[in-house]
Visitor: 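Take this structure first; my questions come after.
Atoms within each ligand, like the ligands themselves, are counted from 1 in listed order. None of these values were measured; they are calculated from a predicted model. The chain is numbered in sequence order, starting from 1.
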Amino acid sequence: MAKDINLYKTCIKNSDKMSVYDEFIGYVKELYDIGKASELIGWDQETYMPPKSVEGRGYVLSTLSGVYHEKLVSKKMGEYIDELSKNNDLTDKQKANVREIKKVYDKNTKVPLKLVKEIAKTSSLGTEAWQRARKKNDFKIFQPYLEKMVGLKKELAEAIGYEDKAYDVLIDDFEPYTTVKDIDPVFSGLKKVLVPIVKKVMESETKTDNILAQDFDVDKQKKFGIEIIKNMGFDFEHGRLDSSAHPFTSGSCDDVRLTTFKEGHGFHLFAIMHEAGHGLYEQGYKPENYRTPLAEAISLGYHESQSRMWENLVGRSWFFWKYYYPKLQNVFPEQLKKYSLEDFYHAINIVKPSFIRVDADEATYNLHILLRYGMEKDLFDDKIEPKEAPTVWNQKMEEYFGIKPENDAVGVLQDVHWSQGLFGYFPTYTLGNLYSVQLFNQAKKDIPDFEEKISNGQLRNLKEWLNKNVHEYGKLYSANDLTKKITGETLNPDYFIKYLKEKFQPIYDVTL
Ligand code: ZN
């Protein structure tokens, strides 16, 4: 009898706990709905909103973000988190949802509202000053705003708290559970090898026609791009491809919006594949986890690993174009009929050091990131001051690329990020590149006849592999843990280095 009573008590206890969790998750789902509404309205702003509707749209977004914030930091949310954090009976997935919401809750409750508002104000004034500074090619105009923003971000890091470095707090916003201690050895190993690789490629005699610098009709490209991304497995019943000034991906789960360039005669197919890579991640979560952290990407780096995998490892590969190049030639006979597959393959893989990060190729791109990462780390370690930024930038450009920017507009002033306080964001690009190759390497081992399949236009196996190994987990694991689970080791830059050497050696006819 006593045993039965105990059993009865346990049942009540369990059902009580479950109900607190159920209530919590119901509350979280409402929070996600508000976030989703903001995102959709933001998407509309970039795609279809009439030009003079900006002001009214600003009010809507600001009200929604206020409602979101109020709900997130509410007393009720605090009580749920307190109670559920003590509960050891939750499943691993439930624990992950509590852990992730707690992480966001803590950050939002620890930072004083006054500081949040000051950062927002400095960001909008700083962005305006940055635009002026870049136009006039005068860093001095931007300098006071950079100084202010670095100071405010240091205050923010103090408010949130950290074990080792203030900069870790900023990285954590984009690459959770990853710190300078994780990144430093990986990036310094990469730098040592990349600088000489780029130098050797530059010394090569091989010259390539820049075939892509011709006019390619935007609409024809979009149509061709849709065929490719449908083949990749992007689901148009749960997503769209529209146009905007700059391509982006927005939305998640059952409604994912991609965009490509509205105008311009450049070659846009890589951008379309890139965004579709992001889109497949967002469409790849399990429906039972929708509207919770288990239907969210691990980190920006992991998100970028997906887009870069499709853009570069598939999209700039010989195998992919073996299938698609004849089709592309049929769409653009005037531009491409006179060029062979080999000519085209070389043209899409030109390596050339440039001043501008966004124009960089697979081999030089990471050097741009290593430069910014090193500077950000030094700014937050007080090893350099904001006023020294242009000098340090130019020194590093010479050290990494062997070229020196003619002016700050193509140097330290080229990116908008710092004016908006986005420190800790840049390293996610290189982390993404490194993760992409390490994961791709494993996919090649797991999928039989992988390259043959790609050269026959069969892209679904890779999408399914990514669904099963990466997407379906959402935020259940950290980037480090998931990488270890999939590949047997944590992030290792050697895969990327090996990939670069094997790819560019034959193209440039050099020993790397
Ligand atoms: Zn991206």
Visitor: Got a salt bridge between Asp255 and Lys36, using NZ or NE/NH1/NH2 to carboxylate O under 4.0 Å?
Guide: no

Visitor: Can you give me the closest heavy-atom contact between Val470 and Gln306, atom names plus distance?
Guide: CG1-NE2, 4.1 Å

Visitor: Do Arg291 and Asp33 sit within salt-bridge range, that is, some charged N less than 4.0 Å from a carboxylate O?
Guide: yes

Visitor: Could you name all protein N, O or S atoms found under 2.8 Å from the Zn ion (ligand 1)?
Guide: His274 NE2, His278 NE2, Glu304 OE1

Visitor: Within a radius of less than 6.0 Å around CD of Glu288, do more than 12 heavy atoms belonging to other residues, nucleotides or ligands occur?
Guide: yes

Visitor: Among all residues two or more places apart in sequence or in another chain, which pass the ring-ring contact (aromatic ring centres under 6.0 Å, His included) test with His278?
Guide: His274, His303

Visitor: Examine Tyr339 together with Phe344 and report whether their ring centres are nearer than 6.0 Å.
Guide: no

